[in-house]
Amino acid sequence: MLSEQFLQELKLRNDIEGVISSYTPVKRRGRNLVCLCPFHNEKTPSFTIYPENQSFYCFGCGAGGDVITFVRRAENLEYIEAVKFLADRAGLAMPEDGYDDRTAKLKARVLEINRETARFYFSCLMSPAGRQALEYLRGRGLSDSTIRRFGLGYAPDSWDMTLRHLLSKGFSREELAAACIAVQSSRNKDRYFDQFRGRVMFPIIDIRGNVIAFGGRIMGEGGPKYLNSPDTPVFKKSRNLFALNFAKSTKENRLILAEGYMDVVALHQGGFGNAVATLGTALTGEQARMIAQYADTVVIAYDSDGAGQTATKRAINIFGEIGLKVKVLSMTGAKDPDEYIKKYGAQRFKLLLDGSSGAMDFEIAKLKAKYDLETDEGKVGYLKEFVAFMAGIRNEIERDVYVSRTAEELRVEKSTLLLQISHIIRQRARSAEKKQARDLSTFAVDPKDRLDPERSRNIRAALAEERLIAILFKNPDYREHILAQIAPEEFVTAFNRQVFAFMCGRLKEEKSLDMISLSAAFDEAQMSRISGILAAASGQNFTRAEADDYIKVIKEQAGQKTPRELAEMDEEQLKQYISGLVGKKPKSTL
């Protein structure tokens, strides 16, 4: 366990507002702060930061916790790694003892495996066994220097050649499985085989220069075109980008987002070292925020087919939510950047890049293409979609420019368009409020609650327990008063009982009661629930009398017998139980 003194110093030096604002812009709203949630896509801020207790809670996705929990989620770290991350940020030295570093050791071992695997794949590519793969890459127009720069390789078409090589280097089968370089057989647990076989290999390197994963491409037909490493202790595909290790070092204030590895490699070879790609998945919010750290403009250069255009529209929305300037590359005569550069050359691609249109122009052009604007019916149809699209643009100046232009082009009153847009904005705001209310309602009663399965069956007592937890957290001086009337064992739900017992234990030992102490004892999901409990009581003050009311509700629920217990009572026991219920005061309302 880390010392209390160290954790308190860590908290003081890592104010939650400062840490979260380094990931996403925050705005003050009363005593708290709000922002768009970094953990799910949204247009209306539902993520709240509570400086009073150094916690956060998202009313949209339910994520919550303290500053350590936030860093764990944002950086995909284990508890002790998140503590070290914050300690480094604050210039604090980690204690020499008091924590288990097995996870850190496994991660270091996986990185060693990946580095050795990348070397092995490259050596295979340059060997006679890799002749076909090398010819394939050269046939795609890649020079030997580009192949070396990206560390491209070849995974032998063998069940266990890579495995045997790594075993000879001293790695265990279990370590290779953890790195997802080897896969354990489902039929024979003692047998392992290679994850990648007969593919051209693309090492995925993080911004620190570590090989964290691989992407493998087939050279012919059959099987998935690309096979990517699954998530491992050192890799999460939604939080990394291919070639960002190179792109971040360019002097460009814009990055090019391409669709695949080959596009990126071809772009770099053509002189566009600011190109990156996602890793076999659609663009995520985390990846968009990574791009925003290194550029103020992103040019989307996805394929020109239907799937590429759909992905472009989705990416525009994600970048728009974080305030990044977006441009869209419109290619004719080629389906992707790789093909375009081969056909027309890098210089013409640069002209195309410099002339790329803004995301707004891209979206509006797509809307226009759906209608015949020479007819009244076409104009009406287009304007309906146009005002709906404009209602989603938060920047009023940008919105005004496009509304003015469209009103002039189609000879309609600008004021009419603005009136329609305002109406849609109000409608969406009301819908968002209703959705948030539904989300809160779902939080209150969830029949599939895996964290606290007893909650939905005992909702009245559970809500009283949660309110009592919030009261004790805000008023530690109520401890003796509360414990004189109720013990943790009398709580109806197991999760609330666990939280309440932990809090009481700390107070009994005269230790501080704060979120950073809770995060040492509870996991991410549990911290989210605790943050939700505190968020529901934010801004409220409670008296001892109110605590007494909640205690009564809990004890009444705890004293109730189940139908089975009632059936097992004899006549005298049943009579005594019923008489004990008669004349009870009305239950307090929650």
Side-chain angles (χ1 to χ4, degrees), residues 76 110-111 113-125 130 132-134 136-142 146-157 162 166 176 178-183 194-247 255-269 275-284 286-287 290-291 301-303 307-308 311 336-338:
N76 191 29
V110 169
L111 290 175
I113 290 169
N114 288 345
R115 184 168 59 249
E116 181 57 39
T117 302
R119 288 172 178 162
F120 177 70
Y121 286 155
F122 179 77
S123 68
C124 289
L125 180 69
Q132 181 188 358
L134 187 59
Y136 169 81
L137 291 172
R138 288 171 175 167
R140 293 293 301 265
L142 300 187
T146 296
I147 291 170
R148 282 193 299 273
R149 183 167 188 258
F150 280 88
L152 305 186
Y154 171 65
D157 194 7
T162 304
L166 293 168
L176 297 176
C180 292
I181 295 299
V183 180
D194 293 349
Q195 170 82 7
F196 299 99
R197 301 183 299 277
R199 289 174 179 267
V200 171
M201 299 304 296
F202 296 79
I204 298 163
I205 302 171
D206 68 10
I207 57 175
R208 300 174 185 86
N210 297 313
V211 179
I212 55 174
F214 295 91
R217 192 193 193 287
I218 59 171
M219 293 172 283
E221 300 298 324
K225 182 178 178 181
Y226 278 100
L227 180 64
N228 299 290
S229 293
D231 290 350
T232 73
V234 300
F235 174 65
K236 190 170 180 63
K237 60 174 65 74
S238 65
R239 296 178 182 175
N240 289 281
L241 290 159
F242 179 66
L244 184 61
N245 57 309
F246 293 134
L255 290 182
I256 303 168
L257 178 63
E259 199 163 329
Y261 303 136
M262 284 302 302
D263 285 331
V264 169
V265 175
L267 283 166
H268 279 247
Q269 181 170 279
V276 297
T278 55
L279 303 168
T281 62
L283 180 75
T284 66
E286 294 101 323
Q287 291 167 332
M290 287 183 73
I291 288 172
Y302 283 170
D303 291 0
D336 55 40
D338 182 21

Could you check if a side-chain atom of Phe150 sits within less than 4.5 angstrom of a side-chain atom of Thr146, using non-hydrogen atoms only?
-> yes
What do the steps show when you test Phe246 against Ile207 for side-chain contact (heavy atoms from CB on, under 4.5 Å), and what is the final call?
-> CA-CA 8 Å; Phe246 293 134; Ile207 57 175; over 6 Å; no
Under 3.5 Å side-chain donor-acceptor pair for Asp338 and Tyr261 | no
Report the C-alpha distance between Asp303 and Asp263 in whole Å, list the side-chain angles of each, state the deciding distance to 0.1 Å, and finish with yes or no for side-chain contact (heavy atoms from CB on, under 4.5 Å).
-> CA-CA 10 Å; Asp303 291 0; Asp263 285 331; 3.9 Å; yes
Under a 4.5 Å cut-off applied to non-hydrogen side-chain atoms, are Arg140 and Arg217 in contact?
-> yes
Can you name the closest pair of heavy atoms from Pro203 and Gly151 and give their distance?
-> CG-O, 3.0 Å
State, with a plain yes or no, whether a side-chain heavy atom of Leu137 is found less than 4.5 Å away from one of Leu152.
-> yes
Between Val276 and Ile256, is a side-chain contact (heavy atoms from CB on, under 4.5 Å) present by the stated rule, with each step listed?
-> CA-CA 6 Å; Val276 297; Ile256 303 168; over 6 Å; no
Any Phe235 side-chain heavy atom under 4.5 Å of Asn240 side chain = yes
Nearest 0.5 Å, what's the OG1-CG distance between Thr162 and Asp194?
-> 4.0 Å
Nearest 0.5 Å, what's the CZ-CD1 distance between Phe242 and Ile205?
-> 8.0 Å
Hey, does Phe196 have a side-chain heavy atom less than 4.5 Å from the side chain of Pro156?
-> no
Decide yes or no on ring-ring contact (aromatic ring centres under 6.0 Å, His included) for Tyr121 and Phe214, but give the supporting numbers first.
-> CA-CA 10 Å; Tyr121 286 155; Phe214 295 91; 5.4 Å; yes
Gln287 side chain to Lys237 main-chain N or O, any donor-acceptor pair under 3.5 Å?
-> yes
Rounding to 0.5 Å, atoms OG (Ser238) and CG (Asn76) come to a distance of 7.5 Å
To the nearest 0.5 Å, what is the distance between CD1 (Ile212) and NZ (Lys236)?
-> 12.5 Å
Any side-chain heavy atom of Pro230 sitting closer than 4.5 Å to one from Gln195?
-> yes
Between Leu244 and Leu255, is any pair of side-chain heavy atoms under 4.5 Å apart?
-> yes
Between Val211 and Leu111, is a side-chain contact (heavy atoms from CB on, under 4.5 Å) present by the stated rule, with each step listed?
-> CA-CA 7 Å; Val211 179; Leu111 290 175; over 6 Å; no
Out of curiosity, Thr284 OG1 to Arg239 CZ, how far, rounded to the nearest 0.5 Å?
-> 8.5 Å
Electrostatic pair Asp157:Arg197 at N-O distance under 4.0 angstrom = no
Looking at Asn114 and Ala179, what are the two nearest heavy atoms and their distance?
-> OD1-CB, 4.2 Å
With a 4.5 Å heavy-atom cut-off, do Tyr226 and Ile218 have their side chains touching?
-> no
